[in-house]
*Asks:* 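One structure, pasted below without further comment.
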Amino acid sequence: MFWLSHHHPDEYNRTYVLGGVRVCARCLGTYPVLLVTLVGLFALRAPREWRWDIPVVLALTLPALVDWAVGRFRPAAGSNAVRTLTGVLLGLALGRSLQVHVQRPLPAVLLAQAALVTAVALPVILATYRRPRPE
């Protein structure tokens, strides 16, 4: 069953089985933390700008990108615990950048985060796109 699992059967090692449902290990860390962070920042009336937004958001985003990239080149590498942890960090980063974005569309922190993701993901996707999948 497909639910927060965008993995093919040969990548099921990247999922948890919860109640018979496959859940992506990284997404399990990302989405709940993103939601809690977003709600928490609004509840606390966090400032729209913080001078450390860009470096902190990029630093929190990078581990998930690196772990994902390594996994694309070495599918058997990594562990679900690491994927979930990097997902938690990514959820914190996305929560902050989205909280700022909701108040002021396309802030520098969101654009920097998008640029980082593109700079890492695009070459990795292009390099691994034609690799055959195990049967």
Side-chain angles (χ1 to χ4, degrees):
M1 181 175 190
F2 182 86
W3 184 77
L4 283 184
S5 178
H6 37 84
H7 300 284
H8 298 279
D10 61 301
E11 297 175 323
Y12 281 171
N13 64 315
R14 299 173 177 280
T15 66
Y16 296 111
V17 178
L18 302 175
V21 176
R22 293 210 171 269
V23 180
C24 171
R26 188 168 295 110
C27 292
L28 186 63
T30 302
Y31 292 109
V33 170
L34 186 158
L35 181 61
V36 168
T37 300
L38 197 55
V39 169
L41 289 171
F42 277 114
L44 294 171
R45 299 178 190 260
R48 269 195 337 201
E49 288 186 37
W50 180 47
R51 69 184 192 137
W52 295 100
D53 270 338
I54 292 174
V56 168
V57 164
L58 295 183
L60 291 171
T61 301
L62 195 56
L65 284 172
V66 169
D67 186 51
W68 169 82
V70 168
R72 293 285 296 193
F73 288 106
R74 296 178 35 217
S79 71
N80 282 348
V82 170
R83 289 181 195 101
T84 303
L85 175 61
T86 63
V88 167
L89 299 175
L90 181 61
L92 291 168
L94 290 170
R96 176 56 182 167
S97 61
L98 288 175
Q99 185 254 349
V100 175
H101 173 67
V102 167
Q103 297 176 79
R104 188 187 61 225
L106 299 177
V109 65
L110 184 67
L111 297 175
Q113 189 177 38
L116 175 64
V117 169
T118 302
V120 172
L122 188 60
V124 170
I125 289 169
L126 291 174
T128 61
Y129 179 70
R130 293 269 182 206
R131 187 177 49 195
R133 300 198 67 80
E135 302 268 337

*Asks:* Rounded to the nearest 0.5 Å, what separates atom CG in L94 from atom CG in L34?
*Replies:* 5.0 Å

*Asks:* To the nearest 0.5 Å, how far apart are NE2 in H101 and CG in L106?
*Replies:* 5.5 Å

*Asks:* Shared ILVMFWY cluster between V82 and V120, side chains joined below 4.5 angstrom?
*Replies:* no

*Asks:* How many angstroms lie between atom CG of L90 and atom CG of L65, to the nearest 0.5 angstrom?
*Replies:* 7.5 Å

*Asks:* Consider only side-chain heavy atoms of I, L, V, M, F, W and Y, link residues closer than 4.5 Å, and tell whether V57 and W50 are in one cluster.
*Replies:* no

*Asks:* Quick check: closest heavy atoms across S97 and Q113, and the distance to 0.1 Å?
*Replies:* OG-OE1, 2.5 Å

*Asks:* What heavy-atom pair brings P32 and C27 nearest, and what distance separates the two atoms?
*Replies:* CD-O, 3.7 Å

*Asks:* Return the CZ to OH distance between R83 and Y16, rounded to the nearest 0.5 Å.
*Replies:* 8.5 Å

*Asks:* Measure the shortest side-chain to side-chain distance between V100 and L110 over non-hydrogen atoms and say whether it is less than 4.5 angstrom.
*Replies:* no

*Asks:* Give a yes or no on this: more than 12 heavy atoms of other residues, nucleotides or ligands lie within 6.0 Å of atom CD of Q103.
*Replies:* yes

*Asks:* Please tell me if the side chains of R22 and H7 come closer than 4.5 Å, counting only heavy atoms from C-beta onward.
*Replies:* no

*Asks:* Give the minimum heavy-atom separation between Q99 and P47, together with the two atoms involved.
*Replies:* OE1-O, 4.2 Å

*Asks:* If you take all heavy atoms of G95 and T37, which pair is closest and at what distance?
*Replies:* CA-CG2, 3.9 Å

*Asks:* Same cluster or not: V109 versus L98, using hydrophobic residues (I, L, V, M, F, W, Y) connected whenever any side-chain heavy atoms lie under 4.5 Å apart?
*Replies:* no

*Asks:* Any chance you could measure L41, atom CG, to R48, atom CZ, to the nearest 0.5 Å?
*Replies:* 14.5 Å

*Asks:* Search all heavy atoms of L92 against all heavy atoms of V33 and return the closest pair with its distance.
*Replies:* N-CG1, 3.7 Å

*Asks:* Do D67 side-chain atoms and A64 backbone N/O form a donor-acceptor pair below 3.5 Å?
*Replies:* no

*Asks:* Under 4.5 Å between side-chain heavy atoms, hopping through other hydrophobics if needed: is there a path connecting V56 to V88?
*Replies:* yes

*Asks:* Main chain of Y12, side chain of T15: is a donor-acceptor contact present, judged purely on distance under 3.5 Å?
*Replies:* yes

*Asks:* Report the distance from atom OG1 of T30 to atom CG of L35, rounding to the nearest 0.5 Å.
*Replies:* 12.5 Å

*Asks:* Are V36 and L60 connected in the hydrophobic side-chain network, where two residues link if heavy atoms are under 4.5 Å apart?
*Replies:* no

*Asks:* Between T86 and R26, is there a side-chain donor-acceptor contact under 3.5 Å, judged purely by atom types and distance?
*Replies:* yes

*Asks:* Taking all non-hydrogen atoms of both residues into account, name the closest pair between L58 and A112 and its distance.
*Replies:* CD2-O, 3.6 Å

